[in-house]
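Nothing fancy with the numbering, it's 1 onward along the sequence.
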Amino acid sequence: MDVDNKIYPSENISMKEYTTMHVGGSARYFVEAKSIEDILSALKFAKKNDLKVLVLGGGSNTIFSDAGFCGLVIKISISGVEKVFEDESCVHYKVSAGESWDSFVRFLVENHLYGLENLSHVPGLVGASVVQNIGCYGQEVSSCVVSVDVIDINTFDQIVFRNKDMNFGYRRSRLNRQDKGRFIVTEVTFALRKQGQLVMKYKDIQDYFVGNPNIQPNLLTLRKAIISIRNRKFPFPDSPKNGSSGSFWNAESINEKKYESITRILDEKGFHEKALEMRQKKDVFRVSQGYKVPYGLFIEVLGLKGKVVGGAKILETHAGVINNFTGEATASDVYNLSKEVIETVYKEFGVKINVEPELIGKFE
């Protein structure tokens with residue numbers, strides 16, 4: 001192939017070890033980019049050879065089909081954390097896209113900085129955090145984002161988006177909506193507070209501290225609590241048998257009328273306790289666009305926890321997670337299990353849930 005760039009892609013590389021679900025086929029070409037220059041060189045290679053480009057971070061939000069990807073995969077491995085601003089109330093850090101998300105959160109907690117502590121123990125890299133606006137236990141990454149540095153895949157231009165430019169919403173940004181596939185995140189600047197209040201409105205967190213009365217809530221103990229809670233519900237995806245993509249589904253937020261309609265359907269189907277739970281958790285499920293859809297509750301009441309297709313199953317301990325429990329699941333196993341869940345939930349509740357990880361290749 002005709003290339004004049006300084007990095008030469010590897011060929012026919014299995015993507016199983018680069019994704020946290022540990023399934024899928026091979027990439028025709030693969031590059032690990034450790035600098036912006038590496039990214040630009042890889043993009044030039046793809047342009048010269050008319051290749052599709054796929055950007056890969058930690059692989060926690062990507063599932064390759066069993067047939068793989070006939071193009072160039074650029075794995076982002078740029079590292080670096082730099083303090084760029086500080087005053088009496090806050091600190092700004094510019095963080096490279098290839099940094100481990102959880103390592104960054106640990107760093108903030110250990111330095112007594114508030115804003116992202118509830119996002120502890122989330123797999124993946126910093127760059128991906130802003131693409132999907134990750135969130136859990138009452139915090140979203142968008143609340144701390146100052147700016148996002150990106151490269152335009154088509155023009156190679158380097159651009160800085162301010163927070164308001166990112167069009168953040170519940171589990172979304174411009175990078176996974178109207179501009180999906182157009183930009184590569186290289187750095188993110190975050191603003192963290194030196195003083196703050198812990199967000200402890202979720203029952204799991206409250207129960208942890210009630211059950212451990214000798215532990216006083218603070219940044220460090222809250223992080224430990226969340227790690228404990230998440231580990232109890234599903235294994236961290238550090239091996240094929242622990243393989244998962246975290247929360248496998250999401251849904252658009254709904255208005256109050258639809259929320260009440262779902263509650264009535266639960267009552268009509270005889271799930272009175274779950275209907276009551278939804279009423280009691282109404283404030284918890286409230287987001288800026290309305291209300292979150294509690295799809296895990298639907299999966300639970302429909303008896304789909306523990307459902308198995310091939311080597312993939314829905315965890316008994318967390319209705320929103322698909323696990324490669326044999327370590328030998330195929331991408332088709334995962335997809336077919338997900339498809340059954342989506343179709344059943346829609347049939348019974350009239351709610352459309354979406355696959356959260358990006359599906360690469362042909363799955364039908």
Before giving the answer on side-chain contact (heavy atoms from CB on, under 4.5 Å), spell out for K241 and T326 the whole-Å C-alpha distance, their side-chain angles and the decisive distance to 0.1 Å.
CA-CA 5 Å; K241 285 190 176 182; T326 64; 5.9 Å; no

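- N354 has its side chain within reach of K352: a pair of non-hydrogen atoms, C-beta onward, lies under 4.5 Å apart.
- Taking a 6.0 Å sphere around NZ of K305, one finds it holds more than 12 heavy atoms contributed by other residues, nucleotides or ligands.
- Between the side chains of S77 and E32, a donor-acceptor pair is found at a separation under 3.5 Å.
- Under the 30°/60° scheme for interplanar angles, the aromatic rings of Y291 and Y259 are found to be tilted.
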Do R286 and D283 pass the salt bridge (charged side-chain N to carboxylate O under 4.0 Å, His left out) test, and can you show the C-alpha distance, the side-chain angles, and the key distance before you say yes or no?
CA-CA 5 Å; R286 192 189 304 273; D283 286 341; 3.0 Å; yes

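- Hydrophobic clustering places V284 together with F209 (ILVMFWY residues linked when any side-chain heavy atoms are closer than 4.5 Å, directly or through intermediates).
- To the nearest 0.5 Å, atoms NZ (K16) and OG1 (T330) are separated by 8.5 Å.
- Here the side chains of L266 and L297 are in contact, with some heavy-atom distance below 4.5 Å.
- To the nearest 0.5 Å, atom CD of residue E358 and atom CG of residue L56 are 9.5 Å apart.
- The two atoms that bring A275 and D267 nearest to each other are CB-OD1, 3.5 Å, heavy atoms only.
- Under the 4.5 Å side-chain heavy-atom criterion for Ile, Leu, Val, Met, Phe, Trp and Tyr, L54 and I184 are members of distinct hydrophobic clusters.
- S143 places a side-chain N or O within donor-acceptor distance of the main-chain N or O of E140, the cut-off being under 3.5 Å.
- Checking N231 against S228 by side-chain atom types alone, no donor-acceptor pair falls below 3.5 Å.
- Using modelled atom types, one finds no donor on one side chain facing an acceptor on the other under 3.5 Å when comparing H22 with N324.
- Using a 4.5 Å cut-off on side-chain heavy atoms (C-beta onward), V188 and E99 make no contact.
- When atom types are taken as modelled, the side chain of S96 and the backbone of G98 share no donor-acceptor pair closer than 3.5 angstrom.
- At least one donor-acceptor pair closer than 3.5 Å links the side chain of Q206 to the backbone N or O of M200.
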Applying salt bridge (charged side-chain N to carboxylate O under 4.0 Å, His left out), run through D152 and R182 and close with a yes or a no.
CA-CA 6 Å; D152 188 314; R182 179 180 172 186; 3.1 Å; yes

Decide yes or no on side-chain contact (heavy atoms from CB on, under 4.5 Å) for L222 and N218, but give the supporting numbers first.
CA-CA 6 Å; L222 179 56; N218 57 45; over 6 Å; no

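- Note on Y29: it clusters hydrophobically with V55, by side-chain heavy-atom contacts below 4.5 Å among ILVMFWY residues.
- By the 4.5 Å heavy-atom criterion applied to side chains, F248 and V355 are counted as neighbours.
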Test D66 against S332 for side chain to side chain donor-acceptor pair (under 3.5 Å), laying out the working first.
CA-CA 7 Å; D66 295 316; S332 294; 2.9 Å; yes

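- Ring pair W101/F104 is perpendicular by interplanar angle, where above 60° counts as perpendicular and below 30° as parallel.
- Cation-pi geometry between K313 and F325 is satisfied (NZ or CZ under 6.0 Å from the ring centre, within 45° of the ring normal).
- Taking 4.5 Å as the limit, some side-chain heavy atom of I299 sits within range of a side-chain heavy atom of W249.
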Report the C-alpha separation of D204 and K233 in whole Å, then their side-chain angles, then the decisive distance to 0.1 Å, and conclude whether the side-chain contact (heavy atoms from CB on, under 4.5 Å) test is met.
CA-CA 11 Å; D204 284 345; K233 289 185 174 182; 2.4 Å; yes

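- By the neighbour-count criterion of 12 heavy atoms within 6.0 Å, atom CD of E273 is sparsely surrounded, having that number or fewer from other residues, nucleotides or ligands.
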Please test K274 against E300 for salt bridge (charged side-chain N to carboxylate O under 4.0 Å, His left out), starting from the C-alpha separation and ending with a verdict.
CA-CA 10 Å; K274 296 301 182 183; E300 180 180 348; 3.2 Å; yes

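- Put simply, the side chain of L192 reaches to within 4.5 Å of the side chain of L116, judged on heavy atoms.
- At least one side-chain heavy atom of I74 sits under 4.5 Å from a side-chain heavy atom of L43.
- Taking the six-membered ring where the residue is Trp, the centroids of F64 and Y18 are separated by 6.0 Å or more.
- With hydrogens and angles disregarded, a donor-acceptor distance shorter than 3.5 Å links the side chain of K194 to the backbone of D87.
- Cluster annotation: M15 is not connected to L72 through the hydrophobic network of ILVMFWY side chains, with a link wherever side-chain heavy atoms come within less than 4.5 Å.
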Decide yes or no on salt bridge (charged side-chain N to carboxylate O under 4.0 Å, His left out) for E117 and K224, but give the supporting numbers first.
CA-CA 10 Å; E117 57 277 1; K224 289 179 180 178; over 6 Å; no

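- Between the side chains of S41 and D38, no donor-acceptor pair of N or O atoms lies under 3.5 Å.
- Atoms CD1 and OH, on I226 and Y202 in that order, are 11.0 Å from each other to the nearest 0.5 Å.
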Derivation of the side-chain contact (heavy atoms from CB on, under 4.5 Å) call for F85 and C90:
CA-CA 8 Å; F85 174 82; C90 72; 4.0 Å; yes

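- Note: M21 CE to N242 CG = 12.0 Å, rounded to the nearest 0.5 Å.
- Judged by the 6.0 Å and 45° rule, K47 forms a cation-pi pair with F156.
- Residues D102 and S100 have side chains that never bring a donor and an acceptor to within less than 3.5 angstrom of each other.
- For Y295 and F349, the gap between ring centers reaches or exceeds 6.0 Å.
- No donor-acceptor distance shorter than 3.5 angstrom exists from the side chain of S245 to the backbone of N61, with no hydrogens or angles considered.
- Contact detail for F161 and L175: the closest heavy-atom pair is CE1-CD2, 4.5 Å.
- Using a 4.5 Å heavy-atom threshold, the side chains of V293 and K258 count as separate.
- In this structure a side-chain-to-backbone donor-acceptor pair under 3.5 Å is present from N255 to K257.
- Other residues, nucleotides and ligands contribute at most 12 non-hydrogen atoms within 6.0 Å of the NZ atom of K180.
- Aromatic rings of Y93 and F190 (six-membered ring for Trp) have centroids beyond the 6.0 Å cut-off, not under it.
- With S338 contributing its side chain and V334 its backbone, the two residues share no donor-acceptor pair below 3.5 Å.
- The backbone N or O of Y137 sits less than 3.5 Å from a side-chain atom of N118, completing a donor-acceptor pair.
- Within the model, atoms CZ of R223 and CD of E110 stand 7.5 Å from one another, a figure rounded to the nearest 0.5 Å.
- Remark: R230 fails to qualify as a cation-pi partner of F236 under the 6.0 Å distance and 45° angle criteria applied to the six-membered ring.
- Distance alone, capped at 3.5 Å, places no donor-acceptor pair between the N212 side chain and the I215 backbone.
- Under the 3.5 Å distance criterion, the side-chain polar atoms of T186 are matched with a main-chain donor or acceptor of D149.
- Side-chain contact check for S142 and N133: at least one donor-acceptor pair (N or O, by modelled atom type) lies under 3.5 Å.
- One distance of note links CG of L337 with CG of L304; it measures 8.5 Å at 0.5 Å rounding.
- The hydrophobic cluster containing I314 also contains V309, counting ILVMFWY residues as joined when their side-chain heavy atoms lie under 4.5 angstrom apart, directly or transitively.
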